Amino acid sequence: KALKLGKSIIKAAVQGFTKECSVDVLPHIYSSGDYVIMDGEKELKRVDEKTIVRSDEFHNIYTASAVSTAPMQLSFRVQKGNLLYTLYEGDANSWMTAFECYDSNLYTAIDVWDNYQTFNRQSRLYKNGTLYHLFSESHKDICLRTVCANGSDIYSGGYIYDGRSHAAVWKNKELLYTLYNT
């Protein structure tokens, strides 16, 4: 049982054979809102309201944010200290709706507005910096709000607007079901 953070070397000797093993006890790191917390007490990183922070099972800390690159233009970026990838550069009316880390994979959803005045929008889902899928259904408006993974399956939830909004869930690239208000 680990008693405190740090590094220990355990040695064992039996009948002239000696073995040793190095053991590192690492802090538990998790993200909460705009903070990254270590063991529930120490703030590791503070970010602004436009940045989402996540940590993985190996205690790596990732940030995803939108950076203004020109008037009315944004660049969505994922970093692990340094820049890992730029996901999308485009209209300032676009925004990041989800950023999650599962099994060493990073999933990021971005709503891309083709025309803000006509409410024509697409949601794009990226896996490790690569466009995973681009919704091509005939719906006028799709917006992802969350993403999660279970093994090789990727689930995403959000809403579809086709004259009225209703919740929807996708598994991989297929629409599973929609929930309509009655």
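Residue numbers start at 1 and run along the sequence shown. Bear in mind that the values here come from a model prediction, so they are computed numbers and not experimental data.
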### Query
Do you reckon Tyr159 sits in the same ILVMFWY cluster as Leu179, going by side-chain contacts under 4.5 Å, direct or chained?
no
### Task
Drop me the distance from Asp153's CG to Asn172's CG, to the nearest 0.5 angstrom.
4.5 Å
### Query
Does the side chain of Val78 reach to within under 4.5 Å of the side chain of Thr63, using non-hydrogen atoms?
no
Listed pairs under 3.5 Å, donor-acceptor, residues 96-106 side chains, sequence neighbours left out:
unit_1	atom_1	unit_2	atom_2	d
Thr97	OG1	Leu144	O	2.7
Glu100	OE1	Arg54	NE	3.3
Glu100	OE2	Arg54	NH2	3.3
Tyr102	OH	Val147	O	3.4
Ser104	OG	Glu57	OE2	3.3
Asn105	OD1	Asn128	ND2	2.7
Asn105	ND2	Asp103	O	3.4

### Query
Would you call Leu74 and Glu89 a side-chain contact if the rule is heavy atoms closer than 4.5 Å?
no
### Query
Looking only at heavy atoms, which two atoms of Ala66 and Phe76 are closest? And how far apart?
CB-CE2, 3.5 Å
### Task
Check the pair Ile10, Glu20 against side-chain contact (heavy atoms from CB on, under 4.5 Å), reporting the backbone distance first and the verdict last.
CA-CA 5 Å; Ile10 299 171; Glu20 65 180 54; over 6 Å; no
### Message
Just so I know, are the side chains of Tyr85 and Arg77 near enough to count as touching, which here means a heavy-atom distance under 4.5 Å?
### Response
no
### Query
Is Tyr126 reaching over with its side chain to a backbone N or O of Leu87, donor-acceptor style, under 3.5 angstrom?
yes
### Task
Could you tell me which non-hydrogen atom of Leu175 sits nearest to which non-hydrogen atom of Ala168, and how far apart they are?
CD1-CB, 3.9 Å
### Message
Quick check against the 3.5 Å criterion: does Asp111 have a side-chain atom that pairs as donor or acceptor with the backbone of Trp95?
### Response
no
### Closest approach of Trp170 to Gly158 (non-hydrogen atoms, all atoms of both residues)
CZ3-N, 4.0 Å
### Query
Between atom CD1 of Ile110 and atom CG of Leu125, what is the distance when rounded to the nearest 0.5 Å?
9.5 Å
### Task
Apply side-chain contact (heavy atoms from CB on, under 4.5 Å) to Phe17 and list each qualifying residue two or more places apart in sequence or on a separate chain.
none
### Task
Considering non-hydrogen atoms only, spot the tightest contact between Cys143 and Ser123 and give its length.
CA-OG, 3.2 Å
### Message
In the structure I gave you, are the side-chain heavy atoms of Gln73 and Ser68 within less than 4.5 Å of one another anywhere?
### Response
no
### Query
Rounded to the nearest 0.5 Å, how far does OG of Ser156 lie from NZ of Lys171?
12.0 Å
### Message
Quick check: do Tyr62 and Leu84 have side-chain heavy atoms less than 4.5 Å from each other?
### Response
yes
